Visitor: 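To start, I am sharing the structure in question, which I have written as structure tokens.
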Amino acid sequence: MSSRFRADLPTARAAAVAQWDRLVPAVDDLPAEAFVRPTRLGDWTVAELVAHLAGNAQWVVATLDAPLDAPLDAPEPPRAEQTALDYYTRIGDHDAIARRARERAAGRNPDELRAMVRDGVAAARERLAAAPATVVVAAPGGGMRLADYLVTRSVEGVVHALDLAVAAGVEAPLDPGALRLVTRFLAALLAARAPGRSVELRVPPYAAVQCVPGPAHTRGTPPNVVETDPLTWLDLAAGRLDWDAGVASGRVTASGSRADLAAHLPVLR
């Protein structure tokens, strides 16, 4: 999958760390009874979601402790075999991800789960401070540039922050920089999954992309336009909101005979 989205390491690192920093106090402030509540992630509880969020930071440390560094005398350097866009095509077994979340949460009380998040974020922040931009890390599907991998960590942090907010009935703990990065990335992922120039997706103030096969638009007002706000776009892209429900509620406006993205959503599968 060719990439029309790239982030440099300082930008990707700042977004991931800032989003984790928003999640730490949000989890700390959850009352104990919130941890047993259901979420919109199938049969996941809040406790399992929190354990998964802790893993989001802890896995960064694990990947940096085992990077794909080649020996100095190796014939060629390690290769970044995939981008952040590729990652969400190759991410693999979602049942296994859910199983790991259950295993990580099993037997842990709310204080222990809160500590998992705090400790994971602190360790990741410290480890990332010294990480070079040239490092290639191991990830599902192949090696990745560290910057690309951190984009996926921001996606996880932002999307699951919304899941946490809905489940716990609190304001979504979102960092503005991470929200901007993830909104742009998910729009680029749609364009990569449904390449074309017949529909323009607008997510002001962060993103505008052309997508979907069909007659290309070159000048003037596009005949097929979809527009929505960043939080609605995240819910659509992550499969938390059905396309028809989004349009019916007015959260999504779609004009033109081709302005129907239902067949191309969600982009996170």
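A quick note: this is a predicted structure, and the numbers were derived from the prediction, not measured. This chain uses plain numbering: 1 for the first residue, then up along the sequence.
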Visitor: If only atom types and distance count, is the side chain of Ser198 paired as donor or acceptor with the main-chain N or O of Pro213 below 3.5 Å?
Guide: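 Such a contact is found between Ser198 side chain and Pro213 backbone.
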
Visitor: Would you sort out whether Arg125 and Asp21 count as a side-chain contact (heavy atoms from CB on, under 4.5 Å), showing the intermediate values?
Guide: CA-CA 10 Å; Arg125 183 191 297 106; Asp21 284 343; 2.3 Å; yes

Visitor: Please tell me if the side chains of Leu146 and Leu64 come closer than 4.5 Å, counting only heavy atoms from C-beta onward.
Guide: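 With C-beta onward as the side chain, the pair touches.
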
Visitor: Quick check for you: to the nearest 0.5 Å, what is the distance between Thr39 atom OG1 and Glu48 atom CD?
Guide: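 Atom-to-atom, Thr39:OG1 and Glu48:CD are 8.0 Å apart.
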
Visitor: Report the relative orientation of the aromatic rings in Tyr88 and Phe185; use parallel for angles under 30°, tilted for 30 to 60°, perpendicular for over 60°.
Guide: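 Tilted: the ring planes of Tyr88 and Phe185 meet at 30° to 60°.
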
Visitor: Using a distance-only test with no angle check, is there a side-chain donor-acceptor pair under 3.5 angstrom linking Asp86 and Thr83?
Guide: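 Present: a donor and an acceptor within the cut-off.
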
Visitor: If you count the non-hydrogen atoms of other residues, nucleotides and ligands that lie under 6.0 Å from CD in Glu126, is the total more than 12?
Guide: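 No, CD of Glu126 has 12 or fewer neighbouring heavy atoms, counting only those of other groups under 6.0 Å.
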
Visitor: Just by distance, do the side chain of Glu227 and the backbone of Pro204 share a donor-acceptor pair under 3.5 Å?
Guide: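 No, the answer is negative, given that no donor and acceptor are paired below the 3.5 Å cut-off.
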
Visitor: Does Leu234 reach the side chain of Val158, with side-chain heavy atoms less than 4.5 Å apart?
Guide: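 Counting from C-beta outward, Leu234 and Val158 do come under 4.5 Å.
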
Visitor: Kindly compute the distance separating CZ (Arg100) from NE2 (His52), expressed to the nearest 0.5 Å.
Guide: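 Between Arg100 CZ and His52 NE2, I get 8.5 Å after rounding to 0.5 Å.
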
Visitor: Can you check whether Leu174's main-chain N or O pairs, donor with acceptor, with Arg22's side chain at less than 3.5 Å?
Guide: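 It does hold such a pair.
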
Visitor: Does Val182 offer a backbone N or O that forms a donor-acceptor pair with the side chain of Ser154 under 3.5 Å?
Guide: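 A pair under 3.5 Å: no.
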
Visitor: Any heavy-atom pair between the side chains of His264 and Leu190 that's under 4.5 Å?
Guide: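 With C-beta onward as the side chain, the pair touches.
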
Visitor: Please find the pair of heavy atoms, one from Ala259 and one from Val225, that lie closest to each other, and give the distance.
Guide: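 In terms of heavy atoms, the two residues are closest at CB-O, 3.8 Å.
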
Visitor: Could you tell me the separation between the CZ atom of Arg202 and the OG1 atom of Thr253, rounded to the nearest 0.5 Å?
Guide: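 Nearest 0.5 Å value for the CZ-OG1 distance: 9.0 Å.
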
Visitor: What heavy-atom pair brings Val252 and Leu236 nearest, and what distance separates the two atoms?
Guide: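 Smallest heavy-atom distance, with atoms named: CG2-CD1, 3.6 Å.
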
Visitor: When you compare the side chain of Thr89 with that of Arg193, does any pair of heavy atoms fall below 4.5 Å?
Guide: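 Yes - at least one pair of side-chain heavy atoms lies under 4.5 Å apart.
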
Visitor: Hey, does Val60 have a side-chain heavy atom less than 4.5 Å from the side chain of Arg127?
Guide: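 They are not in contact (no side-chain heavy atoms under 4.5 Å apart), so the answer is no.
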
Visitor: Measuring from atom CG of Leu231 to atom CZ of Arg251, what distance do you get when rounded to the nearest 0.5 angstrom?
Guide: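 Atom-to-atom, Leu231:CG and Arg251:CZ are 8.0 Å apart.
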
Visitor: Could you tell me which non-hydrogen atom of Ala167 sits nearest to which non-hydrogen atom of Arg37, and how far apart they are?
Guide: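 Looking at all heavy atoms of both residues, the shortest contact is O-CD, 3.6 Å.
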
Visitor: Atom CG in Leu41, atom CG in Leu164: separation rounded to 0.5 Å?
Guide: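 Result: 10.0 Å between the selected atoms.
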
Visitor: Is Leu179 reachable from Val170 through a run of I, L, V, M, F, W or Y residues, each pair having side-chain heavy atoms under 4.5 Å apart?
Guide: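 Each belongs to a different hydrophobic cluster.
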
Visitor: Quick one, Leu113 with Val27, criterion side-chain contact (heavy atoms from CB on, under 4.5 Å). Give me CA distance, side-chain angles, the key distance, then yes/no.
Guide: CA-CA 9 Å; Leu113 290 166; Val27 172; 5.9 Å; no

Visitor: Please give me the minimum heavy-atom distance between Leu241 and Gly246, naming the atom from each residue.
Guide: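 Heavy atoms of Leu241 and Gly246 come nearest at CD2-CA, 3.9 Å.
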
Visitor: Ala172 and Leu162: which non-hydrogen atoms are nearest, and at how many Å?
Guide: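 Taking Ala172 first and Leu162 second, the nearest heavy atoms are CB-CD2, 3.7 Å.
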
Visitor: Assess the residue pair Arg40 and Asp163 against the criterion (salt bridge (charged side-chain N to carboxylate O under 4.0 Å, His left out)); give the C-alpha distance rounded to whole Å, side-chain angles, the decisive distance to 0.1 Å, and a yes or no.
Guide: CA-CA 7 Å; Arg40 55 185 184 175; Asp163 294 331; 2.7 Å; yes

Visitor: Please report the shortest heavy-atom distance between Leu181 and Ala15, naming the atom on each side.
Guide: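 Between these two residues, the closest heavy atoms are CD2-CB, 3.6 Å.
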
Visitor: If you group Ile, Leu, Val, Met, Phe, Trp and Tyr by side-chain heavy-atom gaps below 4.5 Å, do Val17 and Val61 land in one group?
Guide: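 Hydrophobic grouping puts Val17 apart from Val61.
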
Visitor: Using only atom types and a distance under 3.5 Å, with no angle test, would you say the side chain of Asp175 pairs donor to acceptor with the backbone of Ala18?
Guide: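 No, because the side chain of Asp175 does not come within donor-acceptor range (under 3.5 Å) of the backbone of Ala18.
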
Visitor: Hey, does Arg6 have a side-chain heavy atom less than 4.5 Å from the side chain of Arg145?
Guide: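 The answer is yes, as the side chains (C-beta and beyond) meet within the 4.5 Å cut-off.
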
Visitor: Just do the side-chain contact (heavy atoms from CB on, under 4.5 Å) check on Leu265 and Val267 with the steps written out, would you?
Guide: CA-CA 5 Å; Leu265 297 171; Val267 294; 4.2 Å; yes

Visitor: So how far is it from Asn56 CG to Thr152 OG1, rounded to the nearest 0.5 Å?
Guide: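 Those atoms lie 7.5 Å apart.
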
Visitor: Kindly indicate whether the side chain of Arg102, heavy atoms from C-beta on, has any atom under 4.5 Å from the side chain of Asp43.
Guide: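 The answer is yes; the side chains approach within 4.5 Å.
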
Visitor: For a 4.5 angstrom cut-off between non-hydrogen side-chain atoms, does Val155 reach Tyr87?
Guide: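 Not in contact.
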
Visitor: Going only through I, L, V, M, F, W and Y residues with side-chain contacts under 4.5 Å, is there a path from Trp59 to Ile97?
Guide: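 Linked, Trp59 and Ile97 end up in one cluster.
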
